[in-house]
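Since the structure comes first, as structure tokens, the remarks are kept for the end.
Only this structure's heavy atoms are used, side chains among them; waters, hydrogens and symmetry mates stay out. As the structure is a prediction and not an experimental result, all values here were calculated from the model. Whatever order the structure lists them in is the order used to number ligands and atoms, beginning at 1.
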Amino acid sequence: MQQALSVSRQVAVIGSGVMGRGIAMVAAAAGHPVCLYDANGIASSQALEAIQQHWQRQADKGKLSAEALDRLCGRLSRAEALEQLAEAGLVIEAIAEDLAAKQALFCQLEQLVASDCLLASNTSSLSITAIAASMAAPQRLVGMHFFNPAPAMRLVEIVRGLATGADVLAQVSATARAWGKETVAVRSSPGFIVNRIARPFYLESLRCLQQGQADCATLDSLLQHSGGFRMGPFALMDLIGLDVNLAVHRSIWQAMCYDPRYTPLWIQQEMVAAGWLGRKSGRGYYVYPQAEPAVAEPLPAPCPDWVQVDFNLAQPVAAVLAQRLQQAGVRVTGQHQPQEDWLFRIGPAHVYVSDGRPAARREQAGQPCLLLDLAFDYQQVTLLAAQSSPSLSAAQRQALEAVLSVAGIRLCHLADGAGLPVLCTVAMLVNEAAEVLQQGLASAADIDRAMCLGLNYPQGPLAWGQRLGYGWLSQVLRHLAAYHGDGHYRVSACLQQAASVSSPVSFRAEEL
Ligand SMILES: NC(=O)c1ccc[n+]([C@@H]2O[C@H](COP(=O)([O-])OP(=O)(O)OC[C@H]3O[C@@H](n4cnc5c(N)ncnc54)[C@H](O)[C@@H]3O)[C@@H](O)[C@H]2O)c1
């Protein structure tokens with residue numbers, strides 16, 4: 001088994017932006033001398049200063065001793081020229097996401113550094129095979145993909161290009177683990193595991209925003225509070241950098257031969273064209289510094305006429321809602337209608353979990369309806385997106401809303417259309433994960449682990465899909481595809497297969 005790089009060897013980090021800074025901090029904390037280089041000398045000076053200030057703040061808070069602070073600062077230096085990196089034992093490149101620039105840099109580097117120096121790229125989405133192709137010794141290059149912020153995120157994807165040497169791969173993996181990171185192995189392919197599967201996390205909310213269904217703060221709240229994601233997509237894009245995120249979208253889209261599943265949206269291009277790049281430029285989808293978006297408390301609602309509320313306790317979600325009402329001191333009665341998918345009803349007005357069809361199409365024989373979004377955990381959820389069918393009267397909607405409000409759930413009403421934000425996001429995440437699995441790019445366990453560790457997802461997409469039912473999710477995607485008709489929601493063959501052998505078509509959510 002290959003040993004990790006000795007801590008006496010220097011780690012050179014090229015590119016001192018968001019990622020280069022974080023990676024330099026990780027390597028220095030692991031005990032290596034670290035040298036930062038940036039084509040823009042001012043950027044590397046600023047990076048050095050910012051890192052030292054960060055450590056100083058840690059020391060001021062008592063999280064770092066004065067000696068540890070001195071040791072860390074003493075390990076950090078910057079180079080004015082690439083040639084000064086000749087002594088490095090590992091070079092990690094974190095420059096702009098530009099294939100030609102990365103190719104040119106590694107061709108220069110392999111001439112400059114010692115033959116045992118490891119060469120790694122932190123590219124988010126470019127092919128390691130393509131970056132290495134113009135090198136004299138392409139077997140030297142490996143992908144070492146950190147996540148933002150690098151000191152905090154536990155995952156590093158170790159990416160194997162077609163030519164990457166097994167010994168290089170093993171030593172870089174061992175080094176990342178010695179630095180306290182968990183690694184997953186993946187073949188070089190568009191977006192690797194995490195950035196490929198994560199595309200819908202951004203795209204589904206961007207589609208809602210572009211269609212005027214909801215604003216950024218609302219969508220972020222929904223994905224956080226209903227979906228269980230640590231950050232909403234817009235806050236996360238602002239953290240990543242809108243230019244970097246768009247470059248990743250474009251590169252995956254191009255590498256996938258312009259598959260409509262990955263098409264970037266014009267709104268992303270507008271933001272980048274304006275120079276609104278997120279936190280690093282002081283403005284992105286939010287303006288910085290900003291207060292955290294406030295989440296409103298559930299609205300007080302008039303108490304509905306409980307006698308008329310009828311629960312379908314055969315539906316697991318309905319059973320959970322009924323239980324929440326009971327916990328709020330309300331006596332609930334219901335019936336078991338396993339063949340029917342409504343959750344509860346008041347008179348003719350029915351409540352369902354959305355299955356990707358608009359509420360207008362879900363109305364049955366004069367029965368108006370309200371559709372609820374998917375929640376990661378219906379026992380805990382306090383906010384849900386909802387859509388109403390056209391014939392649901394204001395009084396009916398208010399009565400249904402009041403039931404949920406007593407259970408501690410506030411609704412965020414969106415215009416009727418196909419699907420709701422969390423449902424579309426989760427269905428597409430599972431679809432993409434199934435495709436990555438089918439293509440043999442990584443194991444099922446690594447796919448789920450990577451999404452939880454790299455992006456703090458509340459559950460791996462494959463396990464999440466299994467919990468919801470692959471059959472039900474396939475049906476949701478077919479409904480979305482039929483409505484939009486643009487190929488974006490095409491069901492992965494792997495998901496269809498899994499659906500045909502294992503799952504019922506009804507919404508399952510077994511482990512609520
Ligand atoms: N931002 C993220 O969340 C994130 C996460 C993982 C991976 N990445 C990847 O890491 C890389 C860097 O991303 P970032 O967000 O830190 O970018 P950034 O824009 O914050 O910083 C890039 C830095 O590279 C410097 N640079 C550009 N070309 C150079 C060259 N030829 N030689 C030396 N320096 C050069 C720039 O001056 C800049 O300081 C990209 O490949 C990106 O896809 C980004």
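- Nearest protein heavy-atom contact of atom 43 (O) of ligand 1 is Ser124 OG, 2.6 Å.
- Remark: Cys216 SG to Met237 CE distance equals 7.5 Å, nearest 0.5 Å.
- Residues Leu423 and Asp373 approach most closely at N-OD1, 2.9 Å, considering heavy atoms.
- Salt-bridge formation is detected for the pair Asp486/Arg207: a Lys NZ or Arg NE/NH1/NH2 atom is positioned less than 4.0 Å from an Asp or Glu carboxylate oxygen.
- Contact between Ala101 and ligand 1 is absent, with no heavy atom of the residue lying under 4.0 Å from the ligand.
- Between Tyr483 and Gly417 the shortest heavy-atom distance is OH-CA, 4.1 Å.
- Note: His484 and Tyr489 have tilted aromatic rings, judged against thresholds of 30 and 60 degrees for the angle between ring planes.
- Not a single N or O atom of Phe146, backbone or side chain, sits closer than 3.5 Å to an N or O atom of ligand 1.
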Would you please test His249 and Arg199 for side-chain hydrogen bond (donor to acceptor under 3.5 Å, both in side chains) and show each step? CA-CA 7 Å; His249 270 292; Arg199 282 313 94 197; 3.1 Å; yes
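- Relative ring orientation between Tyr286 and Tyr288 is described as perpendicular, the plane-to-plane angle rising above 60° on a 0-90° scale split at 30° and 60°.
- Taking CG of Leu141 as the reference point, atom NZ of Lys102 lies at 10.5 Å (rounded to 0.5 Å).
- At the top of the distance list for atom 44 (C) of ligand 1, counting protein heavy atoms only, stands Met19 CG, 3.3 Å.
- Relative to atom 1 (N) of ligand 1, the option among Val194, Asn195, Ile240, Asp38 with the closest non-hydrogen atom is Ile240.
- Checked against a 3.5 angstrom limit, the closest N/O atoms of Glu97 and ligand 1 fall inside it.
- In this structure, Arg21 and Ala50 approach most closely via the heavy-atom pair NH1-CB, 3.5 Å.
- Not close to ligand 1: Phe147, with no non-hydrogen atom less than 4.0 angstrom away.
- Short contacts between ligand 1 and Lys102, defined as distances under 4.0 Å to a heavy atom of the residue, involve ligand atoms 40 (C), 41 (O).
- Heavy atoms of Ile14 found under 4.0 angstrom from ligand 1 belong exclusively to the side chain.
- Contacts with ligand 1 closer than 4.0 Å are made by side-chain heavy atoms of Val244 only, the backbone lying farther away.
- Although no hydrogens or angles enter the test, the distance criterion places a donor-acceptor pair under 3.5 Å between the side chain of Asp238 and the main chain of Tyr285.
- When hydrogens are left out, the protein atom nearest atom 22 (C) of ligand 1 is Ala94 O, 3.9 Å; that is the closest non-hydrogen contact.
- For ligand 1, the polar-atom distance check finds no N/O of Ala43 at less than 3.5 Å from any of the ligand's N/O atoms.
- Residue Cys494 comes nearest to Gln438 through the heavy atom pair CB-CB, 3.6 Å, listed as atom of the first residue, atom of the second, then distance.
- Annotation: atom 33 (C) of ligand 1 to nearest protein heavy atom, Ala39 N, 3.2 Å.
- Residue contacts with ligand 1 leave out Arg21, since none of its heavy atoms falls under 4.0 Å from the ligand.
- In terms of heavy-atom proximity, Ile252 sits nearest to Ser125 at CG1-CB, 4.1 Å.
- Closest protein heavy atom to atom 19 (O) of ligand 1: Lys280 NZ, 3.7 Å.
- Residue-ligand proximity: Ala96 is placed with a non-hydrogen atom under 4.0 Å from ligand 1.
- The closest approach between a heavy atom of Asn122 and any atom of ligand 1 is below 4.0 Å.
- Ring geometry, Phe229 versus Trp464: the interplanar angle falls from 30° to 60°, so the pair is classed tilted.
- Those atoms of ligand 1 that come under 4.0 Å of a heavy atom in His145, given as number and element, are 6 (C), 7 (C).
- Annotation for Leu420 and Leu372: closest pair CD1-C, 3.7 Å, computed over non-hydrogen atoms.
- Backbone and side-chain nitrogen or oxygen atoms of Glu93 are examined, and none is located within less than 3.5 angstrom of a nitrogen or oxygen of ligand 1.
- Taking atom 18 (P) of ligand 1 as the reference point, the nearest protein heavy-atom neighbour is Gly17 CA, 4.0 Å.
- Taking each of Leu36, Ile95, Ile92 in turn, the one with a heavy atom nearest to atom 24 (O) of ligand 1 proves to be Ile95.
- Taking any N or O of Asp243, backbone or side chain, none lies under 3.5 Å from an N or O belonging to ligand 1.
- Looking at atom 20 (O) of ligand 1, its nearest protein heavy atom turns out to be Val18 N, 3.1 Å.
- Taking a cut-off of under 4.0 Å to the non-hydrogen atoms of Thr123, the atoms of ligand 1 that pass are 41 (O).
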